[in-house]
Amino acid sequence: MATILALETSCDETAVAILCGGKLLASEVASQTKEHERFGGVVPEVASRNHLVHAPRLLERAIRKAKIELADIDAFAATSGPGLASSLMIGASVAKGLAIGFDKPYLAINHLEGHLLSPFFEEHGPDGTKSKIKPNVSLVVSGGHTMTVSIRGVGNYEIVGRTVDDAAGEAFDKVAKLLGLGYPGGPEIEKLARNGDPERFDLPRSMLDSENFSFSGLKTAVRYLLPKIGLIPNRDRFSGESFVSAQDGKLLADLCASFQQAIIDVLVRKTIAAAQKYDVDLVTISGGVSCNTALRAQLRQACADVGLEFRSAEPWLCTDNAAMIAFAAMLKLESGFASALAQEIDPNLALA
Ligand code: KG4
Ligand code: ZN
């Protein structure tokens with residue numbers, strides 16, 4: 001059973017994980033949310049400087065937790081794209097350096113492939129029993145990506161539909177910012193939406209006849225709705241203060257619920273349509289937005305309604321982490337794949 005150490009530094013999370021067979025020996029994540037919150041989004045220069053500080057510390061902690069030596073690692077992996085160039089470079093350089101130093105293989109992993117395969121993580125038994133990646137249609141929904149993908153096996157992917165503008169998570173983050181809520185916006189909106197009426201406001205469901213997605217019109221619709229319903233957009237993005245008064249509470253909850261439902265309706269409909277078109281029995285979901293309880297529940301129900309199996313990654317595996325990168329690396333290593341040390345990071349790395 002191979003032991004793999006993986007680093008993930010594609011955006012604002014620094015992560016290191018060690019996986020032995022199907023057994024996760026360590027998974028360390030340092031979030032930089034606090035560092036970026038006051039800017040209302042991720043600042044690349046700030047992210048890469050933080051990766052430089054966090055990566056060596058997490059590496060040391062992961063090794064200690066896994067109770068192994070670096071010399072015991074059989075392969076070193078890192079996310080090589082897509083993501084922020086200056087951030088990707090840190091994880092890839094560390095993994096390559098270790099691979100050279102210990103004369104072991106290096107694996108450059110696509111961040112999206114990490115998300116895509118994560119719903120199968122639990123399947124790979126700690127005893128080394130292998131995951132069966134059943135053909136499926138997968139919905140990847142994160143802060144940077146929204147796509148449906150037909151998966152036929154490891155490394156065999158076809159993109160069915162993708163966003164033509166904002167990603168679903170980006171829409172959550174931008175609308176949360178408009179509403180004076182914190183970053184990342186998804187969990188904040190979900191919390192408020194729990195007490196709201198999803199039918200109170202009629203918001204657009206764009207491009208329903210296409211396999212692709214579009215969420216920027218929805219964000220604009222919320223922006224124009226705010227003054228009409230008496231909520232004034234937060235103009236001071238540095239103050240961090242919410243403009244919403246106590247009596248606006250119900251209005252805000254209803255708006256969050258209506259916005260969230262508009263996103264869910266589109267994601268569920270297109271995912272089911274893609275699964276039927278590709279004639280698969282299984283639908284999977286991954287990425288940060290798939291932490292959303294309402295989305296998971298509604299997609300699960302929609303799958304059951306048409307006789308499809310549904311599988312999601314555990315919430316801790318949905319947001320960015322290195323365990324999913326180690327898992328993808330292990331599946332690739334098992335199929336005989338290794339990357340050249342000369343392989344560069346690629347901020348626009350394609351999945352298929
Ligand atoms: O996968 P991820 O950690 O990073 C990227 O690869 O982008 O996803 C982060 C995104 C953010 O946009 C965040 O607002 C969203 O996932 N997110 C959520 C929830 N939790 C995180 N969106 C909706 N509901 C949630 N509960
Ligand atoms: Zn991600």
Side-chain angles (χ1 to χ4, degrees), residues 6-15 17 27 29-33 36-37 40-42 44 47 78-84 87-88 91 109-119 138-147 149 162-163 166-179 181-194 196 198 213 215-216 218-219 256-257 259-268 285-299 312-325 327-328 347-349 351:
L7 290 109
E8 153 64 43
T9 61
S10 65
C11 191
D12 61 339
E13 252 99 31
T14 319
S27 177
V29 183
S31 169
Q32 300 178 15
T33 304
H36 298 279
E37 196 170 24
V42 177
T79 305
S80 64
L84 301 169
S87 288
L88 289 164
I109 301 296
N110 186 307
H111 179 82
L112 294 171
E113 194 170 15
H115 279 306
L116 272 183
L117 298 172
S118 62
S138 191
L139 172 66
V140 185
V141 263
S142 70
H145 301 273
T146 296
M147 53 174 71
V149 183
R162 57 171 17 133
T163 181
D166 292 348
E170 194 178 352
F172 270 101
D173 295 337
K174 285 180 175 172
V175 166
K177 193 163 147 185
L178 270 179
L179 298 174
L181 306 173
Y183 170 85
E188 302 275 331
I189 289 183
E190 177 176 19
K191 212 172 0 166
L192 290 167
R194 277 193 206 120
F213 301 84
F215 294 111
S216 76
L218 173 59
K219 171 199 64 197
C256 287
F259 164 77
Q260 178 176 278
Q261 193 56 48
I263 295 218
I264 293 175
D265 281 350
V266 173
L267 294 177
V268 169
I285 185 173
S286 60
V289 181
S290 73
C291 290
N292 190 286
T293 319
L295 169 62
R296 290 163 92 97
Q298 291 185 40
L299 185 54
S312 54
E314 292 282 316
W316 70 269
L317 257 180
C318 290
T319 48
D320 288 348
N321 64 85
M324 68 180 189
I325 302 301
F327 181 61
N348 301 310
L349 187 62
L351 180 69

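Sequence positions, counted from 1, serve as the residue numbers for this chain. Whatever order the structure lists them in is the order used to number ligands and atoms, beginning at 1. Remember, it's a predicted structure, so these values are computed and weren't measured experimentally.
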Exercise for review: May I have the step-by-step check of side-chain hydrogen bond (donor to acceptor under 3.5 Å, both in side chains) for N292 and Q260, ending in yes or no?
Suggested key: CA-CA 9 Å; N292 190 286; Q260 178 176 278; 3.0 Å; yes
Check your understanding: Side-chain contact, heavy-atom cut-off 4.5 Å: S118 with E314?
Key -> no
Point to revise | Numbering as shown, the atoms of ligand 1 that approach S142 to under 4.0 Å (heavy-atom distance) | key: 1 (O), 5 (C), 6 (O), 7 (O), 8 (O)
Point to revise | Within-4.5 Å side-chain heavy-atom neighbours: P82 and L349 | key: yes
Point to revise | Any E13 side-chain heavy atom under 4.5 Å of T319 side chain | key: no
Practice item. Run the numbers for me: atoms of ligand 1, each under 4.0 Å from some heavy atom of G185, listed by number. Key: 14 (O)
Check your understanding: Any side-chain heavy atom of L112 within less than 4.5 Å of one from M147?
Key -> yes
Review point. For atom 26 (N) of ligand 1, which protein heavy atom lies nearest, and how many Å away is it?
Key: E190 OE1, 2.7 Å
**Study point:** atom 21 (C) of ligand 1: the protein heavy-atom neighbour that sits closest, reported with distance to 0.1 Å
**Key:** G288 O, 3.3 Å
**Study point:** For G169, the ligand 1 atoms whose distance to one of its heavy atoms is below 4.0 Å
**Key:** 12 (O)
Exercise for review: Report the part of H115 (side chain from C-beta onward, or backbone N, CA, C, O) that has a heavy atom under 4.0 Å from ligand 1; answer both or neither where that applies.
Suggested key: side chain
Point to revise | Flag, side chain of T9 to backbone of G91, donor-acceptor distance under 3.5 Å | key: yes
**Study point:** ligand 1 contact by P187, heavy-atom criterion under 4.0 angstrom
**Key:** yes
Check your understanding: How far is atom 11 (C) of ligand 1 from its nearest protein heavy atom, and which residue and atom name does that atom have?
Key -> D173 OD2, 3.6 Å
Point to revise | Close-contact set for ligand 1 against G144 heavy atoms, below 4.0 Å | key: 7 (O)
Review point. With under 30° as parallel and over 60° as perpendicular, where do the rings of H111 and H115 fit, or are they tilted in between?
Key: perpendicular
Check your understanding: Is there side-chain contact between S27 and W316, with heavy atoms separated by less than 4.5 Å?
Key -> yes
Review point. Considering only heavy atoms of T319, which atoms of ligand 1 have at least one such atom less than 4.0 Å away?
Key: 3 (O)
Exercise for review: Return the residue, atom name and 0.1 Å-rounded distance of the protein heavy atom closest to atom 18 (C) of ligand 1.
Suggested key: G186 CA, 3.5 Å
Check your understanding: Does D173 use its side chain to pair, donor to acceptor, with the backbone of A176 at less than 3.5 Å?
Key -> no
Practice item. Would you check if the side chain of T79 reaches a backbone N or O of G81 as a donor-acceptor pair within less than 3.5 Å? Key: no
Check your understanding: So which protein heavy atom does atom 24 (N) of ligand 1 come closest to, and at what separation?
Key -> N292 ND2, 3.0 Å
Exercise for review: Check Q260 against ligand 1 and report side chain, backbone, both or neither, counting heavy atoms closer than 4.0 Å.
Suggested key: neither
Check your understanding: Going by heavy atoms in the side chains, are I263 and L218 under 4.5 Å from each other?
Key -> yes
Exercise for review: Heavy-atom contacts with P184 under 4.0 Å: which atoms of ligand 1 show up? List them by number with element.
Suggested key: 13 (C), 14 (O)
Study note, to complete from the structure: The closest protein heavy-atom partner of atom 9 (C) of ligand 1 is G143 N, 3.7 Å
Point to revise | Close approach, C318 and ligand 1, non-hydrogen under 4.0 angstrom | key: yes
Review point. Are any N, O or S atoms from H115 nearer to the Zn ion (ligand 2) than 2.8 Å?
Key: yes
**Study point:** Top protein contact for atom 3 (O) of ligand 1, by heavy-atom distance
**Key:** D320 N, 3.0 Å
**Study point:** Numbered atoms and elements of ligand 1 in range of H111, under 4.0 angstrom, heavy atoms
**Key:** 6 (O)
Check your understanding: Would a distance-only check, ignoring hydrogens and angles, find a side-chain to backbone donor-acceptor pair under 3.5 Å from R162 to T146?
Key -> no
Review point. Can you tell me the angle formed at the Zn ion (ligand 2) by OD1 of D320 and NE2 of H111, to 10°?
Key: 100°
